[in-house]
Amino acid sequence: MSQPQTLGSKDTVVQLFQHFAEELDDQNDRRERLIKSSRDVTNLSKKVIFLLHRIMTEETDEDDHTLALRAATSGRQKLKDIQKILGSMQVELRGNLFWQNQKNISPGLQEYIEALSFAHYLEHGTLISFQEVQETLSDNGAPFFPLPMSDYLLGLSDLTGELMRYAISAIPRKGGRMKADEVCSFVRRCKADFAGLTPFVKGLAKKQSVTNQSLQKIEDAAYAIAVRTSEFDLPPDILDDIVARCVSG
Amino acid sequence: MSQPQTLGSKDTVVQLFQHFAEELDDQNDRRERLIKSSRDVTNLSKKVIFLLHRIMTEETDEDDHTLALRAATSGRQKLKDIQKILGSMQVELRGNLFWQNQKNISPGLQEYIEALSFAHYLEHGTLISFQEVQETLSDNGAPFFPLPMSDYLLGLSDLTGELMRYAISAIPRKGGRMKADEVCSFVRRCKADFAGLTPFVKGLAKKQSVTNQSLQKIEDAAYAIAVRTSEFDLPPDILDDIVARCVSG
Amino acid sequence: MDQHDLDFINSQLEGDIDLREKIKEQVHEFDKKTRTVVGLLNKVHGTTSDKIPSLLDDVRPLLVDCRTITASLAQLVPQNQFWRWKDMWSNSIRAAVFGAALVEYLGTGTLITVVKVNEILGIHDEWKDRLALPAEDYLHGLITLVNELSRLAVNAVTLGNYEEPIRISIFVKDLFAGFSMLNLKNDTLRRRYDSLKYDLKKIEEVVYDVSLRKLVAPPGQRPQPTP
Amino acid sequence: MDQHDLDFINSQLEGDIDLREKIKEQVHEFDKKTRTVVGLLNKVHGTTSDKIPSLLDDVRPLLVDCRTITASLAQLVPQNQFWRWKDMWSNSIRAAVFGAALVEYLGTGTLITVVKVNEILGIHDEWKDRLALPAEDYLHGLITLVNELSRLAVNAVTLGNYEEPIRISIFVKDLFAGFSMLNLKNDTLRRRYDSLKYDLKKIEEVVYDVSLRKLVAPPGQRPQPTP
Amino acid sequence: MDQHDLDFINSQLEGDIDLREKIKEQVHEFDKKTRTVVGLLNKVHGTTSDKIPSLLDDVRPLLVDCRTITASLAQLVPQNQFWRWKDMWSNSIRAAVFGAALVEYLGTGTLITVVKVNEILGIHDEWKDRLALPAEDYLHGLITLVNELSRLAVNAVTLGNYEEPIRISIFVKDLFAGFSMLNLKNDTLRRRYDSLKYDLKKIEEVVYDVSLRKLVAPPGQRPQPTP
Amino acid sequence: MDQHDLDFINSQLEGDIDLREKIKEQVHEFDKKTRTVVGLLNKVHGTTSDKIPSLLDDVRPLLVDCRTITASLAQLVPQNQFWRWKDMWSNSIRAAVFGAALVEYLGTGTLITVVKVNEILGIHDEWKDRLALPAEDYLHGLITLVNELSRLAVNAVTLGNYEEPIRISIFVKDLFAGFSMLNLKNDTLRRRYDSLKYDLKKIEEVVYDVSLRKLVAPPGQRPQPTP
Amino acid sequence: MDQHDLDFINSQLEGDIDLREKIKEQVHEFDKKTRTVVGLLNKVHGTTSDKIPSLLDDVRPLLVDCRTITASLAQLVPQNQFWRWKDMWSNSIRAAVFGAALVEYLGTGTLITVVKVNEILGIHDEWKDRLALPAEDYLHGLITLVNELSRLAVNAVTLGNYEEPIRISIFVKDLFAGFSMLNLKNDTLRRRYDSLKYDLKKIEEVVYDVSLRKLVAPPGQRPQPTP
Amino acid sequence: MDQHDLDFINSQLEGDIDLREKIKEQVHEFDKKTRTVVGLLNKVHGTTSDKIPSLLDDVRPLLVDCRTITASLAQLVPQNQFWRWKDMWSNSIRAAVFGAALVEYLGTGTLITVVKVNEILGIHDEWKDRLALPAEDYLHGLITLVNELSRLAVNAVTLGNYEEPIRISIFVKDLFAGFSMLNLKNDTLRRRYDSLKYDLKKIEEVVYDVSLRKLVAPPGQRPQPTP
Ligand SMILES: [Mn+2]
Ligand SMILES: [Mn+2]
């Protein structure tokens, strides 16, 4: 009978924990929704990257710059769809919620930045800036959510792998031999720029070593071209023409 | 001019690969949808398991059997929702598609079987049979998809961990001391039954060692009870009564 | 990258590093304070119940002292970045919650509320986008409380206090009922929650021991726990 | 578990083990056959173009011979379980696709179709829930073909055949255009697709070498590739 | 390659593959048998001491049954090649040693000797270049025995048998002393030996529990461990 | 490479390999000696308190015997290279510290000092750039001592000695309070320190068991832990 | 533990440790010798063909010198225990096989036989239960030979020797065809065999380079690979 | 715990933590400097030979700048404790060695000596119990040099410098011969040394490419590698 009612009487405890239970369930459900959206973003971004490669290897009469612009335009179209998904996530990421869930959306965000920066490179030949990325993730100047510097840099770092693929497959194309040299210098600069940032961003050092490998692959390819060309005392574009005439008549 | 048109002329190749491209995209999209549904199944199943534990640790005047039936009934209600999701997946898993995607739905399926078998144990005190599980995954006798024997066994094997938790938290309860002995024998039988099956099912041996640990935890708990009781020359339920009277008056 | 961009990136990253260093310093202080609190409270296992109030009087000001830390942290953390940095001090804050909860239990026999913890540690509601006490950390603190209470049930009996285990048993059972309402992920909290069951079992064994040995008076004749 | 259930489970599991053993035997045979095919085809690197037809005549019956294996597999695999077991023979079937594709290229200069592969290996459409040639395996076979053709481009020149690299170049470029239409996951196929680019580059280098040395006649005067 | 060498190497390689398959089959059978033995012996944890003899009677013929396997293995392994193949069955033989040792302990309370294990499993001394019981495997079996006995000490008490832990404690201490005189390298055996300490501690705690509660005669009136 | 550099580097590398071999030999001896010490001390768990002094008399000379090893090591290690080689013998020296500390506790009931350990093991202060006892190794030895004392508390009760657990409890609580004042990094030492809590809890439970059953005088009439 | 068993086991364990040490010493010597052989042979990459014979004359006695090692090993290894210890020296013996095979190729242009390797290294047939050259190690040595020959093809051209790549190409193709007739399991040997394809490709590219530039006679006028 | 010991230990532990923080700061600075050096030197891959001297002029003062760091470290490290702390900066010092060695090679075509490295980095001989350059770190720096030179051989050719690969080839072969005379243990250094073979092979292939195409004088008319 004289049950010590004063101590945190069970009902009070239940009431208190009822509140926690709801909060934890909410958090988990939100986490699940964000993970799913992030997977969608990853998949669509990968498709954009394939699309860009596909256009850049088309056999066509367009000059290289026109082709690149066409690729960037097509890519931009698809990137809009991804931006829509990222925009729709903003309600789940307001205020404190963003940093609570950042790890769950990181993979998608990085893959998006990789795709976006690839399109940007094709169009402008430069690295997309932090502000430019943040602008694509905004609605009339209001950001969907803060862009973490680490995701920006890690996404960019993946770009060098795609550039390596781009350079290698450009080589057998007319003018591609010059393209390889261009990409080689660009990736060499990326490597240098990122080198100073590795101590600040977790995971960047590992990606930097992939960048290194990619760079060496491009260098080897550029070397192979130089060696072949060296035997003939003619400028590369004349050599290209001779080969083209020989092969396709 | 005299381009060798005969060789797999580029258009034919493009047509052929167009078909592959669609097929691969379809496969990937289906895979993504199934992974998402499987995650939902996993999460809901985990909630059912918590629900069952929650009801079984309620402080109540009901006898243990009534409580177990109430838990099983509540669980079954929630399990229906999961079955609905699994049912909705069947269109993606027709014919050949099931085994193409089995690995993607395995985690969800196993967690569902763990939850279902826990509810079943509470109600009947037995292991749910393969046929009984398959029946819950059927629409008027037509299975949603074939139930892999490996998922059935791996799901059941996880049950022993939950039974350990159940037994440990039953101990401080009235009559729970007997419950622990009961669960101990049951898990010991599970261990023996699964032992012969380990060479056939990948991953079962590892789970068996978790079962082993769970069993030892239950044995240690049963031992602690036996040792305490041994000092007093009265049957355990009388001892229980004395303690109860002493504590709560 | 053009130089302007590179400078921008560098300044951002260095700002973060700076901030991390500053938070680390505060956490270092926080740790020191909670270590002292925990050290003092460790004495309850050898202290008879009449000397407990004076022990609590020693601890309370140390807990209140943590307010300078929480204030500094709240000032350091940029708006909305609470979750970005919180892992740095979650061990300290959990220890503080434990300390406050044990003081409350020993003083009043009741479970400390989140509101009361926030008040003691001086965590203001309007800081919530920079510093707050998340459910997770509060719950971790409570689990540590139960771990310690199961030890206390044992040691109280050693010191001849046969009532304490009963009080602890009732308190912990209620708390456990609360915990079992939660759906947890497979994380540390889940694992620690599982371990609660063992504490509960241990406490029950002590209750069993003292009950069967009739070391406690029949309930009607027992003194009421202090409110 | 009751004995009846246990017996049921055991009989099911043993049935699977049995089936695995039987499939393994067939795969062993399949491997032997494709190893012989690949071994014979390896001779193309040292064979002048006039002797190629007779080499292909040796290989073709060996490929057709694989039909007994595919028939056995189709009979063994239970309905709808194609994807459950296919990993066991995918290496063999990829080697067979490669063999058939190289024979087709050398014989006709064209890309072998899926339909033709199925016909050669005797894979019937109505088996598709038990045995089929999935896109993935066909594509793997084609990548192996390109790997081998880049080697052939080099060796053909050594043997004095300066036309072959040109033919190979045109063929492989077309094939590459097909591959680049695919959206691949990060799996083996993706990695091997990336390696295609190096083969393409190698072939281009050979073409470059022979073109600039004017070792091939100007296109108008060149003999047409055999259809 | 020299044709004679080629033939010789190939026949060697294929002979090895064949032999491996044949040994694998025997090991599979061996595993089945030891799994049954271990499964049956697992029942001791729920069996009261009066029913143990009948349980042992069930197990003994199964152990003896392993002789057909050891004989087959001895026949399969080529002269001098014991050390080449032994890893394939060491898990099975360790399980068999464990089974024989547990039967011996439960039947006679003594430690099984190497000679007796060899006799039970039908391992003949004259096979030693093809099949033998190496010290290492014997020791592994004994460590498994101790693991199991620490569990048995616990479960015996649950079944009301308070003498068993005392017997186990004496037996294990003796065995442990033996082990500590061996010069073990830093390998698996060493690591498993180190883990014995936990088993020993657990057994000591059980003995403590029953002694404290005077459920057994006080130590002075109990048989002493051999010094 | 510059010949002078080459010779220098090679002589360095070979010197190191040589030295490592020589140190290894000494460590091997050291290990043997500490293994014997630990083996002998293991007997305390079965020894009644009246026979402890004679056991300690057996152990003490063995500890002193380690001086030949420490002297050899101090002679082998080149000037200033203590920190380069010390990991090779840290396990042995920790075992020796443990041995000395247990002898001291059993003999005098007090905690051994660093000075005393150095004296017993014959470690001279002037060797400090070649051989010394770092704080870390001393602390590791003490933690092992506590691990063993928790086992001893249990076994003493089994042997009917109900006072020992009380003594151990007071000693360990004191030691634990000392440890909790140290600023330990997150390393092995920290992890082992955390595990001390379990030993402490176990000892408290033993004290509880004997108190509850009134096998010892009630706390008021017992010697108090030093404040 | 049974004293007889204990003694037996301990003498076994200590005997093994001893033996391991002794074998290690011999292997150390073996390594030194093969390192010198490999070091000397490394000079072929910078040696013009006229100076090769004198280089081989330097190497041959060093190879023969290995006989003292093989004899010591054969004496150390107990009867029937070849397979127990062989892993300790397999790296050394593979290096020796490589050395002998490269000397044979450079001297006679032919592949060394197993019999000849055994003769050079002084491995007697009657030792086969203690020391032998298993097929596996012979094959590993040959794969290393191919790795080195692909490097030699490159360096020979640098030195202006355009015929050597052709000879190497014929030799390696032949060897490769031999390998592809062997039934290799999925082990290191298999993986290294797969890597041979890259060496072969590299050699073919060198032959291509010299053929394209007409630095050698056209294939029709060159010696043909043996059929 | 003895108060004196406690104070002593705590002051030791806290001193170490402090010192570690201070060293970390210096290492952080060291890293920054070497990263800049390596970053600048990375430009050699895109720099034509006429601009190399001016690049080296930029790098040299940065290397000399490291002297402030080495001096600070030498002051921080307590006497005799070089080996305790050296792992903290070994990566930085290896990078510095690499930088100095590459500058030396590019400037003079010779291998930098240990003495010269010590001079550039300002490491004084009398600091040797606090800061020195161990052989191991010097060697690691040289291996990194070779890794970079193999890349440089490739890129030099791309920039039209066909002589550089020849120079690199001679330099690396010489260095490699030096390495192969060292007695390396099975550690990281050994593994990195093994990888040098790949660099050597790559360089040889570059030399092959330029020789084959007669882009450089034939070997007879080139400076020969020292025998
Ligand atoms: Mn990518
Ligand atoms: Mn579970």
Side-chain angles (χ1 to χ4, degrees), chain B residues 1-29 31-32 93-103 126-132 145-146 148-150 152-153 156 186 189-190 192-194 196-201 204, chain D residues 1-2 4-6 8-10 12-17 78-86 104-105 108-115 128-130 132 134-136 138-139 142 166-168 170-171 173-185 189 219-222 224-227:
Chain B
M1 14 237 106
S2 58
Q3 179 69 20
Q5 288 298 344
T6 44
L7 37 99
S9 87
K10 197 178 160 189
D11 292 346
T12 339
V13 173
V14 166
Q15 228 178 329
L16 177 69
F17 275 79
Q18 186 61 47
H19 170 75
F20 291 140
E22 281 161 21
E23 196 179 321
L24 290 178
D25 283 351
D26 269 8
Q27 273 178 27
N28 272 335
D29 293 348
R31 196 174 149 268
E32 277 302 314
L93 296 168
R94 289 227 169 89
N96 256 340
L97 292 178
F98 177 75
W99 283 102
Q100 189 176 18
N101 291 287
Q102 189 253 348
K103 281 192 196 93
T126 58
L127 266 190
I128 194 168
S129 74
F130 180 85
Q131 279 80 4
E132 283 165 324
F145 43 75
M149 184 55 81
S150 57
Y152 167 67
L153 291 171
L156 280 193
F186 183 78
R189 252 184 345 262
C190 285
D193 286 344
F194 290 150
L197 307 172
T198 47
F200 301 115
V201 182
L204 191 56
Chain D
M1 240 179 269
D2 82 52
H4 176 258
D5 282 358
L6 206 55
F8 171 74
I9 292 170
N10 257 320
Q12 286 252 331
L13 292 172
E14 289 184 352
D16 288 353
I17 294 273
Q79 227 191 335
N80 293 331
Q81 299 201 359
F82 168 60
W83 288 94
R84 181 175 190 186
W85 305 101
K86 72 163 284 274
E104 183 83 2
Y105 170 76
T108 71
T110 61
L111 179 65
I112 198 163
T113 61
V114 178
V115 170
K128 74 166 174 242
D129 62 336
R130 286 163 294 143
E136 205 192 345
Y138 173 71
L139 296 172
L142 297 189
I166 313 279
R167 288 213 307 158
I168 289 175
I170 294 167
F171 178 80
K173 270 190 184 169
D174 283 353
L175 191 51
F176 183 75
F179 267 101
S180 62
M181 292 169 64
L182 308 177
N183 294 318
L184 301 170
K185 286 183 298 176
L189 198 57
Q221 291 138 267
R222 257 187 283 149
Q224 289 301 309
T226 55

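The chains referred to below are lettered A, B, ... by the order of the sequence lines, with proteins before strands, and numbering in each begins at 1.
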> Pick one of side chain, backbone, both or neither for Asp5(D), based on which atoms fall under 4.5 Å of a heavy atom in chain B.
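Just its side chain gets close to chain B.
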> Using non-hydrogen atoms only, which part of Arg31(B) is less than 4.5 Å away from chain D: side chain, backbone, both, or neither?
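Side chain only.
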> For Thr126(B), which atoms come within 4.5 Å of any heavy atom of chain D: side chain, backbone, both, or neither?
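It is neither, since no heavy atom gets under 4.5 Å.
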> Which answer fits Gln81(D), side chain, backbone, both or neither, if we ask what part of it has an atom under 4.5 Å from a heavy atom of chain B?
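For Gln81(D), backbone and side chain are both near chain B.
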> So for Leu153(B), is it side chain, backbone, both, or neither that comes closer than 4.5 Å to the heavy atoms of chain D?
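For Leu153(B), the side chain is the part near chain D, not the backbone.
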> Checking Ala177(D) against chain B: side chain, backbone, both or neither under 4.5 Å from a heavy atom?
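Just its side chain gets close to chain B.
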> For each of Asn80(D), Leu139(D), Asn10(D), tally heavy-atom pairs with chain B at distances under 4.5 Å, and name the one with the top tally.
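Highest number of pairs under 4.5 Å: Asn80(D).
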> Decide yes or no for Asp16(D) and Phe200(B): does some side-chain heavy atom of the first lie under 4.5 Å from some side-chain heavy atom of the second?
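Contact flag for Asp16(D)/Phe200(B) side chains = no.
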> If you count the non-hydrogen atoms of other residues, nucleotides and ligands that lie under 6.0 Å from CD in Gln12(D), is the total more than 12?
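Enclosed: over 12 neighbouring heavy atoms sit under 6.0 Å from CD of Gln12(D).
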> Mind telling me whether Phe130(B) and Tyr152(B) have parallel, tilted or perpendicular rings, with 30° and 60° as the class edges?
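Plane angle over 60°, so perpendicular.
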> Are the side chains of Glu23(B) and Gln27(B) in contact, using a 4.5 Å heavy-atom criterion?
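In contact.
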> Identify which part of Leu6(D) has an atom lying under 4.5 Å from any heavy atom of chain B, answering side chain, backbone, both or neither.
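Side chain only.
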> Of the backbone (N, CA, C, O) and the side chain (C-beta and beyond), which part of Ile9(D) lies under 4.5 Å from a heavy atom of chain B, both, or neither?
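It is both, since atoms from each part get that close.
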> Tell me, side chain or backbone of Phe179(D) under 4.5 Å from chain B's heavy atoms, or both, or neither?
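Both the backbone and the side chain of Phe179(D) come within 4.5 Å of chain B.
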